[in-house]
2 protein chains.
Amino acid sequence: MTDDVKSAFAAYLHSENLKMTPQRELILDIFLSNSNHISSEELYNIVNTKDNSIGQATVYRMMKLLSDSAIARECEFGDGRLYYELNFGKGHHDHLVCVKCGRKIEVYDEIIEKQQDLLAKKHGFKLISHRLDFFGICGDCAMSEKTTRPQEEVNSNSGAVETVYETLPLSKLESGGRAVVMEFILDGKHGLSGAISNRKLLTSHRSRIQELGIRAGKMVEMLNNKGRGPVMFKVDDSRIALGRGLAMKIIVRKEG
Amino acid sequence: MTDDVKSAFAAYLHSENLKMTPQRELILDIFLSNSNHISSEELYNIVNTKDNSIGQATVYRMMKLLSDSAIARECEFGDGRLYYELNFGKGHHDHLVCVKCGRKIEVYDEIIEKQQDLLAKKHGFKLISHRLDFFGICGDCAMSEKTTRPQEEVNSNSGAVETVYETLPLSKLESGGRAVVMEFILDGKHGLSGAISNRKLLTSHRSRIQELGIRAGKMVEMLNNKGRGPVMFKVDDSRIALGRGLAMKIIVRKEG
DNA sequence: TTCTTTGCAAATGATTTGCACATGA
DNA sequence: TCATGTGCAAATCATTTGCAAAGAA
């Protein structure tokens, strides 16, 4: 497989009168040997450990070549970087993006694809392409959350009580509900409402949220959530009102 | 409706100990009176015509406020800008984005939504949100293409012959097929393979493609497209080989 | 009065580019 | 040979931020 890709790339270079160089070869090798969905910068960091004479620009340029040749495909997940996945010999698929560990799972669903075509047709729309990304928490991360169960709740003195947790945006925590803050979702320059990344915390809002004492691990108690307008909740001993838009960007874990 | 939004925003400001200012009021008015899916910069340009003392930063800051309060929602369509749509009183929806005119059509499909939940569950994935964007050509643009039919083909000397056009990426034009170049799809910094925008031409590749003489309106004839590897086609009198990845980014119109 | 806002200009940060030199075919 | 590739540093570009002056409650 790796060899197929390499000869396909060589053929591409040849057809475009471009040249194979040791830099290009090393970058391709590293791209192929690494887990998919890597950004140019991450790739550069790895390349750099093998050969620190290679510049960032070379890596960026190479990724464009791989994309032009359709050996790689560019994807973006709302955090302002471009990621590259292997495209050679693969068909269309959608992504499940874990906001906790950043893992990207490739999925495909025939029913969704068909229904998308119908939907486009219904609107007189001539489809060229589409993208579907899911943001949430993967099975592994959901599992490990159980392990790092917060101390406040470890009160079982006997018997085997399995507690099931539910992960949701703070904006969906109902009045009276208690939950633990897990994660903030990306915002700022490359934000994407509803969509999420674990790469950076909010930029413009980080300070605002953190000033309020809302930090990962904190317990929150929802005082008032009418499903509309700002939500009112308690952290430590203070009451906080927060716009629904911001509250949607705070992921909490609730006992279910 | 407009009044509802405005009082909701006033309530939000109050709940957050923020203040109403003439700047904020003007920006909100203009946002509400304009078509949805506007970027901060576009909005600033309009605001600027009404009051040129208002700075860009104020507009950017206001859009964050509208997003924090959930009155607006941020969306991005792969061109590196953030767009804002009215969110107040609206539910989840997906977007059909026309690569020709840039129009964004909001759509919703119950079957797709249900299937998405099933798909996530099947992969043990706890869904927080998702986004689904379609890129293609809207009915109106498809219609107006017929009107601006290229001269080369206007040879009907009698009778009413209706010609139906089909729009597709060059990479999908079969060997022997002829088509007219319509559009290049976005790339560069904020590119998105498969996904598309009409805002900018390719940056890094524009020169390469244009040097080759490929321009909107040009007739191309596919010489060899095996469905894999580079495609070979003719423009004017020269033969050109192009990587499949790049060829996917050239939208052509074929007689069908 | 006392925070909050604002406009301006400078800073960000991922990515691209100009340039002079180096190198593959 | 000689067009193409490379590293470096400077340039982009949408967006954010620091700051001193101005304004709302």
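Only a predicted model underlies this, so the values are computations on that prediction, with no experimental measurement involved. A, B, ... follow the sequence lines: proteins, then strands. Residue 1 opens every chain. Atoms considered below: every heavy atom in the structure, side chains included; atoms not considered: hydrogens, waters and symmetry mates.
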Earlier contact from the 5' end, DNA chain D, for Asn17(A) and Val59(A):
Asn17(A)

Using heavy-atom distances to pick each residue's nearest nucleotide on DNA chain D, tell me which of Tyr84(B) and Gly55(A) is more 5'.
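The residue whose closest nucleotide sits nearer the 5' end is Gly55(A).
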
Would you indicate, yes or no, if [N] has its OP1 or OP2 atom less than 4.0 angstrom from a side-chain nitrogen or oxygen of [X]?
| X | N | result |
| --- | --- | --- |
| Tyr60(B) | dT15(D) | yes |
| Lys64(A) | dT16(C) | yes |
| Arg24(B) | dT6(C) | yes |

Starting at [atom1] of [X] and ending at [atom2] of [N], how long is that distance when rounded to a whole Å?
| X | N | atom1 | atom2 | result |
| --- | --- | --- | --- | --- |
| Asn48(A) | dC8(D) | CG | C1' | 14 Å |
| Asp68(A) | dG5(D) | CG | P | 12 Å |
| Arg81(A) | dG13(C) | CZ | C1' | 9 Å |
| Ile54(B) | dC8(C) | CD1 | P | 11 Å |
| Glu74(A) | dT15(C) | CD | P | 9 Å |
| Tyr44(A) | dT15(C) | OH | P | 14 Å |

With a 4.0 Å cut-off, would you call Asp140(B) and Arg103(B) a salt bridge?
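Between Arg103(B) and Asp140(B) there is a salt bridge, with a charged N closer than 4.0 Å to a carboxylate O.
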
Could you tell me whether a side-chain N or O of His95(A) sits under 3.5 Å from a main-chain N or O of His93(A), the two making a donor and an acceptor?
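Absent.
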
Would you find a donor on one side and an acceptor on the other, under 3.5 Å apart, between the side chain of Asn225(A) and the backbone of Val231(A)?
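Pair absent, no side-chain N/O of Asn225(A) close to backbone of Val231(A).
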
Could you check Glu85(A) against Lys90(A) for salt bridge (charged side-chain N to carboxylate O under 4.0 Å, His left out), going step by step and ending with a plain yes or no?
CA-CA 10 Å; Glu85(A) 64 179 15; Lys90(A) 287 168 76 173; 5.4 Å; no

Tell me whether the rings of Tyr83(A) and Phe77(A) are parallel (<30°), tilted (30 to 60°) or perpendicular (>60°).
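If you compare the ring of Tyr83(A) with that of Phe77(A), the planes turn out tilted.
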
Is it true that Phe31(B) and Tyr84(B) have ring centroids separated by less than 6.0 Å?
no

Provide the closest heavy-atom pair for Asp51(B) versus Leu26(B) in the form atom of the first, atom of the second, distance.
CB-CD2, 3.8 Å

For nucleotides 18-25 of chain C, just jot down a letter per nucleotide in 5' to 3' order: B, S or -, based on protein non-hydrogen atoms under 4.0 Å.
B-----BS

Would you indicate what Ser39(B) reaches in the nucleic acid, counting non-hydrogen atoms under 4.0 angstrom: base, sugar-phosphate, or nothing?
nothing

